[in-house]
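Heavy atoms only: backbone and side chains are in, while hydrogens, waters and symmetry mates are out. Residue numbers start at 1 and run along the sequence shown.
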Amino acid sequence: MALFDNPFDARRRLARGGCSCGAHASQAAHDAAPTGEAAMERAVEGAVMRALFPHDAERRAFLRSVGAATALAAVSQFFPTTLVTEAFAQGAKPEKTDLKVGFIPITCATPIIMAKPMGFCEKQGLNVEVVKTAGWAVIRDKTLNKEYDAAHMLAPMPIAISLGLGSNPQAYTMPAVENVNGQAITLAMKHKDRRNPKDWKGFKLAVPFDYSMHNYLLRYYLAEAGIDPDTDVQIRAVPPPDMVANLRADNIDGFLAPDPVNQRAVYDGVGFIHILSKEIWDRHPCCAFAASEAFIKETPNTYAALLRAIIQATAYASNKDNRKEIAAAIAPANYLNQPLTVVEQVLTGTFADGLGQVRRVPDRVDFDAFPWQSFAVWILTQMKRWGQLKGDVDYAAVARQVYLATDAARLMKQDGFTPPETTTKSFSVMGKTFDPAKPKEYLDSFQIKRAG
């Protein structure tokens with residue numbers, strides 16, 4: 001029996017098998033194995049059963065005689081595997097301590113970036129090299145090729161990777177949100193008198209990536225104004241570090257981008273902030289900490305330690321009193337490579353908008369690690385809406401598989417935080433309520449779309 005197989009199955013032998021990670025009886029068993037907290041608990045159960053029944057024939061005979069449910073109850077009464085799993089997660093030594101984590105130089109990556117220079121990773125016994133990366137396609141490819149152990153990704157990317165959208169399918173997960181809000185629509189200064197999106201026909205607009213909240217929020221905003229994002233404007237993917245240069249060169253009319261790109265356009269005098277993304281959907285997810293399912297299964301202690309470091313850094317970043325300290329830590333050239341004042345304006349929420357006003361929006365960007373599965377359901381509706389995702393989709397199942405809310409909740413509890421009691425919630429996008437239990441009805445309600 002392999003590490004994550006069910007030790008209470010009388011039909012299975014306690015023998016190692018073969019799969020891509022070497023921990024399962026077959027590749028099919030590898031693909032079907034539990035992940036995250038469930039995988040860790042299964043490993044503990046297997047260790048307990050091996051200790052109680054050194055000879056596998058005895059274990060199988062015992063299970064045939066009493067049944068799996070009775071055996072599990074009896075073992076749990078004297079050996080509480082759930083509590084052992086939690087202790088194991090808290091105290092177990094990481095299997096691998098030297099890690100590479102890729103990131104894009106934007107403030108959305110704040111918890112991942114700051115976790116290194118501010119000591120959150122070292123506290124967990126990890127030596128993490130955070131690697132600045134040019135664009136999202138490069139981030140994706142380097143993680144799929146295992147050049148990176150984990151990565152800063154856009155919230156929709158683990159879903160797209162898992163479903164094989166834009167790349168070969170690979171089981172990918174999002175155990176923590178990096179930031180909420182933190183985006184804006186910025187336009188070139190020449191458009192300061194064209195603030196109504198109904199007047200934007202013919203505009204060339206940029207987003208960081210096709211599978212991004214930026215793309216979906218921009219499309220949503222345009223469609224609500226009666227602008228078809230596929231026929232009335234051009235939307236192109238431009239890496240965030242290149243956006244301001246493209247705006248300055250008049251290659252684009254504007255962008256929906258992550259910060260500090262928007263604030264840098266203002267700082268350089270080439271653009272103005274038209275609308276913050278929080279004014280489209282307040283507390284929407286933006287970026288995320290992402291890891292492959294294989295990384296979680298092969299190095300569960302390392303995964304737990306890294307996730308704990310990210311959750312702790314996210315909690316620290318959520319305290320607005322810490323924002324100036326964080327800005328100083330992440331502004332240097334090896335991280336964001338931005339003027340400190342630009343990063344401070346974003347993180348503190350007191351900023352110039354490029355139109356002569358100083359705005360005060362403390363939660364212009366905020367940090368909340370919990371990966372609500374309803375976020376994933378909404379993203380899937382937009383993938384369907386714009387023709388990226390074809391055919392039927394089990395919204396809830398994909399959300400559970402990719403957005404690991406139970407892992408986040410468990411580690412949050414261990415560190416003294418109070419996670420939500422549920423994994424889904426309703427929210428409003430431009431005044432329209434989204435019910436995660438009714439994704440098809442939500443999708444059907446849109447007039448402008450490619451598919452239903």
Side-chain angles (χ1 to χ4, degrees), residues 4-6 9 19-21 24 26-42 140 143-144 153-177 211-213 216 284-285 288-297 300 303 307 369-410 419-427 429 433-445 449 451-452:
F4 299 110
D5 289 335
N6 186 356
D9 186 347
C19 71
S20 58
C21 75
H24 303 94
S26 65
Q27 186 61 38
H30 169 101
D31 295 338
T35 62
E37 182 179 10
M40 200 173 293
E41 188 164 350
R42 179 59 53 79
R140 178 195 62 201
T143 52
L144 292 180
M153 284 190 176
L154 299 158
M157 285 177 65
I159 298 173
I161 293 170
S162 294
L163 296 176
L165 305 179
S167 66
N168 291 327
Q170 185 177 126
Y172 229 81
T173 69
M174 193 190 90
V177 171
Y211 304 104
S212 69
M213 290 300 299
Y216 304 137
H284 67 82
F289 165 66
S292 70
E293 197 172 271
F295 174 73
I296 296 173
K297 291 178 178 178
Y303 157 71
L307 178 54
F370 194 74
W372 291 95
Q373 290 170 353
S374 43
F375 289 166
V377 176
W378 185 87
I379 289 167
L380 286 164
T381 67
Q382 302 309 295
M383 289 177 167
K384 287 276 289 182
R385 180 182 184 181
W386 302 116
Q388 291 179 332
L389 181 58
K390 309 290 186 182
D392 295 332
V393 59
D394 188 333
Y395 293 91
V398 173
R400 285 193 302 270
Q401 175 189 351
V402 179
Y403 278 36
L404 302 184
T406 52
D407 282 22
R410 173 172 55 82
E421 294 182 357
T422 62
T423 60
T424 62
K425 64 176 179 178
S426 294
F427 43 79
V429 184
T433 299
F434 173 68
D435 181 349
K438 298 178 179 179
K440 186 178 186 304
E441 291 86 342
Y442 184 73
L443 181 57
D444 290 343
S445 71
K449 57 187 174 182

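For Thr143 (side chain) and Arg140 (main-chain N/O), a donor-acceptor pair under 3.5 Å exists by modelled atom type. In terms of modelled atom types and a separation under 3.5 Å, the side chain of Gln373 and the main chain of Tyr403 share a donor-acceptor contact.
Nearest heavy-atom pair, Val402 versus Pro158, reported as atom, atom and distance to 0.1 Å: CG1-CB, 3.7 Å. For the residue pair Pro169 and Leu163, the shortest heavy atom distance occurs at CB-C, 4.3 Å. In terms of heavy-atom proximity, Ala405 sits nearest to Thr423 at CB-CG2, 3.7 Å. A pairwise comparison of heavy atoms in Leu443 and Lys384 identifies CD2-CB, 3.7 Å as the closest pair. The shortest non-hydrogen separation linking Trp372 to Thr424 is CZ3-O, 3.5 Å.
Contact annotation: the side chain of Leu144 approaches that of Tyr172 to within less than 4.5 Å [non-hydrogen atoms, C-beta and beyond]. Side-chain contact between Pro436 and Ser426 is present, with at least one heavy-atom pair separated by less than 4.5 Å. At least one side-chain heavy atom of Pro175 sits less than 4.5 Å from a side-chain heavy atom of Tyr303. Looking at Met383 and Val393, their side chains never come closer than 4.5 Å, going by heavy atoms from C-beta outward.
Between the OG1 atom in Thr173 and the CD1 atom in Ile296 there is a gap of 3.5 Å [rounded to 0.5 Å]. Distance CG/Leu404 to CZ/Arg410: 10.0 Å, rounded to 0.5 Å. To the nearest 0.5 angstrom, Phe375 atom CZ is 4.5 Å from Lys425 atom NZ. To the nearest 0.5 angstrom, Ile379 atom CD1 is 9.5 Å from Leu154 atom CG. Taken to the nearest 0.5 Å, the CG atom of Leu389 stands 9.0 Å off from the OH atom of Tyr211. Atom CE of Met174 and atom CE of Met157 lie 12.5 Å apart (nearest 0.5 Å).
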Next on the checklist: side chain to side chain contact (heavy atoms under 4.5 Å, CB included) for Leu307 and Asp407? Distances and angles first, verdict last.
Outcome noted: CA-CA 9 Å; Leu307 178 54; Asp407 282 22; 4.3 Å; yes
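Under the side-chain contact (heavy atoms from CB on, under 4.5 Å) criterion, Lys438 pairs with Asp435, Glu441, sequence neighbours left out. Remark: Lys440 pairs with Asp444 by the salt bridge (Lys or Arg N to Asp or Glu O under 4.0 Å) rule, at least two apart or across chains.
Remark: Asp394 CG is packed, more than 12 non-hydrogen atoms of other residues, nucleotides or ligands lying under 6.0 Å away.
Partner of Trp378 under the side chain to side chain donor-acceptor pair (under 3.5 Å) criterion, out of Tyr216, Tyr395, Tyr442: Tyr442 alone.
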